[in-house]
Amino acid sequence: QVQLVESGGGSVQAGGSLRLSCRASYYTYNRSMGWFRQNPRNMRETVAISYTGDMVPYYANSVKGRFTVSRDDAEQTVYLQMDSLKPDDTSMYYCAAGAWGSGQSRSTSPGDFPIWGQGTQVTVSS
């Protein structure tokens, strides 16, 4: 079973930056890899998805232009660079991996990602 471990969360003032990392215990080269967060209704919402090959990443409208998802499959790691953070970005952030072979699935729904990390807290103060 693939395990995911997130790191990089913390507290920052509005306008600041954080970089989240997610390291997988198994190969990621043919999986879609995503970042999600818990919204005020306690539902997981999609933040960003990295696909394999030349596929353009997916970003939620609320983070476009501020967040950047990237991956290093040699290191089995996916990153989320978060810039210009806002108090509304405060949440628990989760990394998730798609199924084997899902790399170009274009999936964006949390339900399409079967493997989840434990989460890392991001707090943005005004």
Taking the side chain as every heavy atom from C-beta outward, state whether [X] and [Y] have any pair of such atoms under 4.5 Å apart.
{"X": "Val122", "Y": "Thr90", "answer": "no"}
{"X": "Gln1", "Y": "Ile115", "answer": "yes"}
{"X": "Trp116", "Y": "Cys95", "answer": "no"}
{"X": "Tyr79", "Y": "Asp72", "answer": "yes"}
{"X": "Arg66", "Y": "Met82", "answer": "no"}
{"X": "Thr46", "Y": "Pro110", "answer": "yes"}
{"X": "Phe113", "Y": "Thr108", "answer": "no"}
{"X": "Leu80", "Y": "Arg19", "answer": "no"}

| message | My understanding is that only residues two or more places apart in sequence, or in another chain, count here; which of them pass side chain to side chain contact (heavy atoms under 4.5 Å, CB included) with Ser11? | response | Thr123

| field | Greater than 12 external heavy atoms within 6.0 Å of Gln121's CD | value | yes

| Should the heavy atoms of other residues, nucleotides or ligands under 6.0 Å from CD of Gln118 be counted, would the total exceed 12? | no

Donor-acceptor pair, [X] side chain versus [Y] backbone, under 3.5 Å?
{"X": "Gln76", "Y": "Ala24", "result": "yes"}
{"X": "Ser91", "Y": "Gln38", "result": "yes"}
{"X": "Glu6", "Y": "Gly119", "result": "yes"}
{"X": "Thr77", "Y": "Glu75", "result": "yes"}
{"X": "Arg23", "Y": "Leu4", "result": "no"}

| query | Would Val78 and Val69 satisfy side-chain contact (heavy atoms from CB on, under 4.5 Å), going step by step from the backbone distance to the final call? | reply | CA-CA 7 Å; Val78 63; Val69 64; 3.9 Å; yes

| task | Could you walk me through whether Tyr27 and Val2 pass the side-chain contact (heavy atoms from CB on, under 4.5 Å) test, one step at a time? | result | CA-CA 8 Å; Tyr27 301 120; Val2 177; over 6 Å; no

| field | Separation of Met33 CE from Ile49 CD1 (nearest 0.5 Å) | value | 9.5 Å

| What distance do Phe67 atom CZ and Ser17 atom OG have between them, rounded to the nearest 0.5 Å? | 9.5 Å

| request: Using the side chain to side chain donor-acceptor pair (under 3.5 Å) rule, collect all pairs that involve residues 51-61, keeping only residues at least two apart or in two chains. | output: Asn61-Lys64

| note | In short, side chain to side chain donor-acceptor pair (under 3.5 Å) pairs touching residues 92-103 with sequence neighbours left out are Ser32-Ser102, Arg37-Tyr93

Between [X] and [Y], which heavy-atom pair has the shortest distance, and what is it?
{"X": "Phe36", "Y": "Ser109", "value": "CE2-C, 4.4 Å"}
{"X": "Pro87", "Y": "Ser125", "value": "CG-C, 4.5 Å"}
{"X": "Ala99", "Y": "Pro114", "value": "N-CD, 3.8 Å"}

| request: Answer yes when Asp88 and Lys86 have at least one side-chain N-carboxylate O distance shorter than 4.0 Å, and no when they do not. | output: no

| request: For Trp35 and Ser50, run side-chain contact (heavy atoms from CB on, under 4.5 Å): C-alpha distance rounded to whole Å, both residues' side-chain angles, the deciding distance at 0.1 Å, then the answer. | output: CA-CA 9 Å; Trp35 288 97; Ser50 172; over 6 Å; no

| query | Under 4.5 Å between side-chain heavy atoms, hopping through other hydrophobics if needed: is there a path connecting Val47 to Val12? | reply | yes

| task | Applying salt bridge (charged side-chain N to carboxylate O under 4.0 Å, His left out), run through Arg31 and Asp73 and close with a yes or a no. | result | CA-CA 10 Å; Arg31 300 178 188 266; Asp73 290 321; over 6 Å; no

